[in-house]
Number of protein chains: 2
Amino acid sequence: MKQDLRVMKTQESLRNALLTLLKTKALDSISVAELCRLAKVNRGTFYSHYKDVHGVFKHYLEVIVEDFKKAYEEPYYRTGFRIQYIRPEMIKIFDHVNRYKSFYQIIFHQKIPMMYYYLLFDTVRKFMYESLENNHINPELEVQMDYLISYQANAILGLIMEWNRQDYATPTEELSKQLITILSINSPFRNKE
Amino acid sequence: MKQDLRVMKTQESLRNALLTLLKTKALDSISVAELCRLAKVNRGTFYSHYKDVHGVFKHYLEVIVEDFKKAYEEPYYRTGFRIQYIRPEMIKIFDHVNRYKSFYQIIFHQKIPMMYYYLLFDTVRKFMYESLENNHINPELEVQMDYLISYQANAILGLIMEWNRQDYATPTEELSKQLITILSINSPFRNKE
DNA sequence: TACATTATTGAACAGATGTACAAGAAACTG
DNA sequence: CAGTTTCTTGTACATCTGTTCAATAATGTA
């Protein structure tokens, strides 16, 4: 049983309308009414498909997360996460973010709800979880996986947020070089000795 | 020139009403109209003080950030950030978050705008910036301060978010122990060898 | 205390939200 | 192709938003 043609038409129309509106105004300033007017969809119909405008936007995020996963899961990544190999892995991620920066700018915006951030956070966490499993590291250390993963995953997102804050001025190559340097620092705030 | 008494009364009334409403419903479900009804403040008056309900909530966040800073800036913290001394520093922060967890639960909620997260992020970044300056580390390494700081600051927030996700089940002592262990791992995903 | 200043109120407005329901239109199914 | 199912539409309603404005009340000050 496939999708009803009318449903597909309605949703596609709303998605196109959102893309059009996003060219000229911020996501959080787009109302359901405005979106429906442009898409020529009855407002009642809208509410039978989505809860709010974010519901429509979420569709794009799913596409992006899909690309994110693809960028990450290419065969040679499965080699692990050792520091000397981190560059080719990360540059792919940074390339991905760079490719979709117009969306990341929206997602990271002050007025946008945390839900999108969590989607990214969870995606990165899942990647790291798999990496850690494959490499079964530090069984002697008493670290709760969840904390280690959340620490590392959010650190990467912190890097990307900084990149976003600087309007993606840093080239991806430079960014991954920065990451390598950061990772090579043993303890984050050690003194020189 | 001090504040007008009427202004103070209005704002206090709105703040109290918000606290009352937060006991029974989520921040994002509280409308300006409802808040004003409970506070017995004219809606027009509301808009001459705040832009929306978040404007009122922000006041509490300022109080919390103030406490955060106090928790961080106690004299002996100025000793630096070396790994062996990180425990007493961090436990204070974790204690702070634990003390205000009902607020952090709100801030970290899916539907809440990123603005509060940025406020935390910026606060932690500022702390780290000062720590790094005092300890003038790795001048030989070519790291852009901004990236290093955003990486580290967001990593800590990742830890706190994970704590929040687990409903603050982990005791603060255990959490700071986890942090020490994580920091002691040289590269985040090194293989054992 | 009297006066000038400033804040609050109430009312009104156009537009938005979220929900409901009957009537009509479009799509699937045999 | 006909019939049934499902979706969309139009309309309506109560409530909320954000803004404006004149009238009124409270405050600070000379």
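- One atom, CD of A:Gln3, and another, C1' of C:dA26, lie 15 Å apart when rounded to the nearest Å.
- Between the side chains of B:Thr170 and A:Tyr147, at least one donor N or O sits under 3.5 Å from an acceptor N or O.
- OP1 or OP2 of D:dT9 lies within a sub-4.0 Å distance of a side-chain N or O belonging to A:Thr45.
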Q: Please test B:Glu12 against B:Arg15 for salt bridge (charged side-chain N to carboxylate O under 4.0 Å, His left out), starting from the C-alpha separation and ending with a verdict.
A: CA-CA 5 Å; B:Glu12 207 175 305; B:Arg15 271 184 261 126; 5.5 Å; no
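- When distances run from any side-chain atom of A:Leu5 to the nucleotides D:dC7, D:dT9, C:dC28, the shortest one goes to C:dC28.
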Pair up each side-chain donor or acceptor in residues 35-51 of chain B with any protein partner under 3.5 Å, not counting sequence neighbours, and list the distances.
from	atom 1	to	atom 2	distance (Å)
B:Asn42	OD1	B:Gly44	N	2.8
B:Ser48	OG	B:Thr45	O	2.7
B:His49	ND1	B:Gln11	NE2	3.3

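- The phosphate of C:dA7 has neither OP1 nor OP2 within less than 4.0 Å of any side-chain N or O from B:His49.
- Sorted by first then second residue, the salt bridge (Lys or Arg N to Asp or Glu O under 4.0 Å) pairs that include residues 57-68 of chain B, not counting sequence neighbours, are B:Asp67-B:Arg99.
- If you measure from atom OH of B:Tyr50 to atom P of C:dA7, you get 14 Å, rounded to the nearest angstrom.
- Here salt bridge (Lys or Arg N to Asp or Glu O under 4.0 Å) pairs that include residues 16-25 of chain A, with residues two or more places apart or in two chains, are A:Lys25-A:Glu34.
- In this structure, CG of A:Asp4 is placed 13 Å from C1' of D:dT4, rounded to the nearest angstrom.
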Q) Can you give one letter per nucleotide of nucleotides 11-24 of chain C, going 5' to 3': B for a protein heavy atom under 4.0 Å from the base, S for sugar-phosphate only, - for none? A) -----SBBB-----
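- A donor-acceptor pair is defined here as one N or O able to donate and one able to accept, closer than 3.5 Å; such a pair exists between the side chain of A:Asp52 and the backbone of A:Gly55.
- Contacts between residues 9-18 of chain A and DNA chain C, counted as heavy-atom distances below 4.0 Å, involve no residue at all.
- Taking the ring centre of B:Tyr129 as origin, the terminal cationic atom of B:Arg125 falls outside the region bounded by 6.0 Å and 45° from the ring axis.
- Here B:Tyr168 pairs with B:Asn164 under the side chain to side chain donor-acceptor pair (under 3.5 Å) rule; sequence neighbours left out.
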